[in-house]
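What follows is one structure encoded as structure tokens, with my remarks underneath.
In what follows, chains are A, B, ... by sequence order, proteins preceding strands, each numbered from 1.
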Amino acid sequence: MKRYIVYRMLQGVVLLCMVATIVFFLGRLTGNPVDLMLPEDATAEDRVSMIKALGLDGPLHEQFLIFVNNALHGDLGTSIRMRQPAVEAFFDRLPNTLAIIPWALLMAMVIGIPLGVIAALNRGNMIDRAAGSVAVLGIAMPSFWLGILLIYVFSVELGWLPSGRMGGPAHYVLPVITLGAFLVAGFMRLIRSSMLEVMESEFVKLARIKGMSEAVVVWKHCLRNALIPVLTLWGVFVGNLITGAIVTETVFAWPGVGRLTYEAVIFRDFPLLQAVIILKAVLILSINLFVDILYAYVDPRIRLA
Amino acid sequence: MSIAEQGVAIAEAPSDDIVLDVRDLQTYFFLRRGIVKAVDGVSFALRRGEVLGLVGESGCGKSLTALSIMRLLPKGSARTIHGEVLLNGEDILEKTPNEMREIRGRKISMILQDPQTSLNPVFTIGEQLREAIFRRTRGRTREVMREAVAALRRVDIAAPEQRLGQFPHQMSGGMKQRVVGAISISGRPEVLIADEPTTALDVTIQLQYLKLLKRLQEETRMAILFITHDFGVVARMCDRVAVMYAGRIVECGPVDQVFDNPSHPYTQALIASVPKMTGSTERLYTIEGQPPSLMDLPVGCRFAPRCPYADQRCLAAYPPSFTVGAEHTADCWRMTAA
Ligand SMILES: Nc1ncnc2c1ncn2[C@@H]1O[C@H](COP(=O)(O)OP(=O)(O)OP(=O)(O)O)[C@@H](O)[C@H]1O
Ligand SMILES: [Mg+2]
């Protein structure tokens, strides 16, 4: 198990190097980043001095070495707009995103998993179809539209919930629903199909032969097995949420890394965007590693291999 | 309740001590393209402490007979549309799902064919045994675990204390099948259905498993319905044998009588096809042709299209059960001549 974790971490490091390299060269591909960084009324001298200051006058491979060296020291450049190290800006905002992602995931699971089980148990009949439609609704509705719709109904018309910004628990409700909604369908479909497969298993038959109650058969023997393929995709789901947070946080004026990404794009804050992409990759890779360890715990066949 | 009284009355007479009485069981698959008559009028009786073999080619409906009795048919199109399954005189087809759940494991249990898939991969052996034992005893965890150890020891598993904490994938196929056996009989059932319990095992451990099953049967005096397609296994394991062909039992009788005097041409063919252990390279007898489609069964005898003795009578109507000897019957028109 230890070897497995070390192996997975090395894998993550390699992937991260690839992401960083791609981000670096893509940045250079679009011309000298200085042109993006300078304000529009900058003079030619400003440009030259900035190029010098950033070490952009050397050949590309030297620049890359500088970039790598800085990155290893935790320096991913300085945000132009905020005049603050990009890494710092990211970590300032990260807690706000991490504050909604687990709730969104939880919401998606709490709704999606039972829905999937119920759909599987009622395969082909009205209940199955109804559960399917609820889930599909979550995918079919774009987040920004769902967000705006929720704001309109619950903030503007009913006045029950705040329409944006961070604050007390009430502020979390709409962003979490918006962010989690499109994962409900993902969970539901995965659980439904893996439940259908598991329910045909011989070991389910044996559980019934033993005289186990239907509830134990379904929610213990079947579901525990059906969760395995879902868990493997958990990391992907969290990745989806981090990406999805860009829209949700923008709609709800939520000061997280999603909105930071949006701002970096809108204000052409290239060093910030570069840093955000790399740091999000770090985040997603760490979560995936964590999930794989968790997965190994749930599935003894992996744990003990 | 006349049926219940009858059950008690029967229980007092040892020669007729019937624990499971299956009468005219019919289980069909209702599919869009037609009706598959997988079990079509199966009747047999199982006495307390007896091993009854159920033999027949693949696809003749052996497993579905077993699953119909357990009321664990595959979800969807399968239905038991007719018949009675009397367990100690009570028809279990009439029971509610909850009553049936009480019966399963405690009164009637089953060993499945494939040990590789019969155990839940994500729970330990101990947990899977615990569930079954706890249902019967409702005891404390310590006591239940002690019983679990005893149950594993009874099926010849070495170091059972360690095995309890292990997962199925850490065991060999033979060991898994013994664990399945331990689980299946942990509720102390009166009737055990063993559905080809050794076909998935290595030849070397098949015999070992059969011996174990036989020993357990002698210890517990449970009745076993032993499903197999191997007449050699029948000779080793069973007291009586029922031969099944295309959803029906065509011959039934004590094993030695059926071997000495096989009366249905299908039984004769099956016995002839058992490899003889004489060492000579005798050519295996195989039955010509294919069993009929269960969706489109012939009106007459189902074996007639493959039978060397078939005549007009056989094609016209299904034969009744003729008595061949003591407790020995065969569904074949040729028996009328005798
Ligand atoms: N889900 C199903 N849908 C339609 N027909 C089925 C289905 N399952 C089984 N059958 C039919 O029922 C018949 C009996 O199946 P069963 O499993 O009882 O055979 P068996 O005698 O146990 O054979 P084997 O020795 O291969 O286990 C088969 O011929 C098959 O065509
Ligand atoms: Mg079978």
Side-chain angles (χ1 to χ4, degrees), chain A residues 1 4 113 117-125 127-128 191-232 234 293-305, chain B residues 63 66-67 69-76 97-125 127-136 165-170 176 179-181 183-187 189 192-193 195 200:
Chain A
M1 187 69 203
Y4 175 72
I113 291 175
V117 172
I118 290 164
L121 293 177
N122 292 285
R123 176 188 203 167
N125 70 17
I127 297 172
D128 183 14
I191 289 284
R192 181 182 181 276
S193 66
S194 61
M195 276 297 280
L196 284 176
E197 203 181 308
V198 170
M199 286 190 313
E200 296 294 311
S201 311
E202 293 291 287
F203 62 77
V204 174
K205 218 183 256 169
L206 183 64
R208 293 210 167 92
I209 288 170
K210 287 196 282 188
M212 296 293 109
S213 72
E214 227 14 59
V216 171
V217 170
V218 170
W219 298 97
K220 179 177 175 184
H221 284 265
C222 294
L223 185 57
R224 176 80 178 258
N225 279 277
L227 279 175
I228 288 173
V230 175
L231 258 187
T232 52
W234 218 66
I293 294 169
L294 198 70
Y295 173 48
Y297 172 74
V298 175
D299 190 344
R301 281 164 297 190
I302 293 183
R303 190 194 328 158
L304 301 161
Chain B
S63 294
L67 294 173
I69 295 168
M70 294 298 294
R71 288 182 53 190
L72 288 174
L73 292 173
K75 282 229 165 61
N98 273 326
E99 288 170 336
M100 195 58 213
R101 198 148 45 237
E102 285 302 310
I103 290 168
R104 271 187 223 121
R106 321 260 306 252
K107 294 260 162 44
I108 181 162
S109 192
M110 185 168 169
I111 296 176
L112 298 167
Q113 186 165 348
D114 182 8
Q116 300 302 341
T117 55
S118 298
L119 292 168
N120 195 324
V122 302
F123 294 108
T124 59
I125 302 307
E127 171 60 14
Q128 298 186 50
L129 255 173
R130 187 199 63 78
E131 280 184 330
I133 294 169
F134 179 76
R135 236 189 106 240
R136 173 168 53 81
Q166 293 194 338
F167 290 91
H169 73 274
Q170 292 169 286
K176 273 187 242 190
V179 171
V180 171
I183 290 175
S184 297
I185 64 168
S186 63
L192 178 70
I193 303 175
D195 188 0

Using the ring pair (Phe, Tyr, Trp, His ring centres under 6.0 Å) criterion, which residues pair with F134(B)? Sequence neighbours excluded. none

How about K205(A) and L67(B): do any of their side-chain heavy atoms sit closer than 4.5 Å? yes

Closest non-hydrogen atom pair, L112(B) against E202(A): CD1-O, 3.4 Å

Any salt bridge (charged side-chain N to carboxylate O under 4.0 Å, His left out) pairs touching residues 104-113 of chain B, not counting sequence neighbours? E102(B)-R106(B)

Among residues 212-219 of chain A, which residues come closer than 4.5 Å to chain B, judged by heavy atom distances? M212(A), S213(A), E214(A), V216(A)

Closest approach of F123(B) to H221(A) (non-hydrogen atoms, all atoms of both residues): CE1-CA, 4.1 Å

I'd like to check the side chain to side chain contact (heavy atoms under 4.5 Å, CB included) partners of A132(B); sequence neighbours left out, ordered by chain and number. K210(A), I183(B), S186(B)

With only heavy atoms counted, which part of R135(B) is less than 4.5 Å from chain A, the side chain, the backbone, both or neither? side chain

Under a 4.5 Å heavy-atom cutoff, which of N98(B), T124(B), V122(B), I111(B) has the most pairs with chain A? V122(B)

F203(A) side chain reached by Q128(B) side chain, heavy atoms, under 4.5 Å: no

Counting only non-hydrogen atoms closer than 4.5 Å, does T117(B) touch chain A with its backbone (N, CA, C, O), its side chain (CB onward), both, or neither? both

For chain A, the option from P168(B), S118(B), P74(B), S109(B) that forms the most heavy-atom pairs under 4.5 Å: S118(B)

R123(A) versus K75(B): any side-chain heavy-atom pair under 4.5 Å? no

Tell me the closest heavy-atom pair linking M110(B) and L206(A), and the distance in Å. O-CD1, 4.3 Å

When S184(B), P121(B), P189(B) are compared by non-hydrogen pairs under 4.5 Å with chain A, the top option: P121(B)

Against chain A, label N120(B) side chain, backbone, both or neither, depending on which of its atoms sit under 4.5 Å from a heavy atom there. both

In terms of heavy-atom contacts, does CD of Q116(B) have more than 12 from other residues, nucleotides or ligands at under 6.0 Å? yes

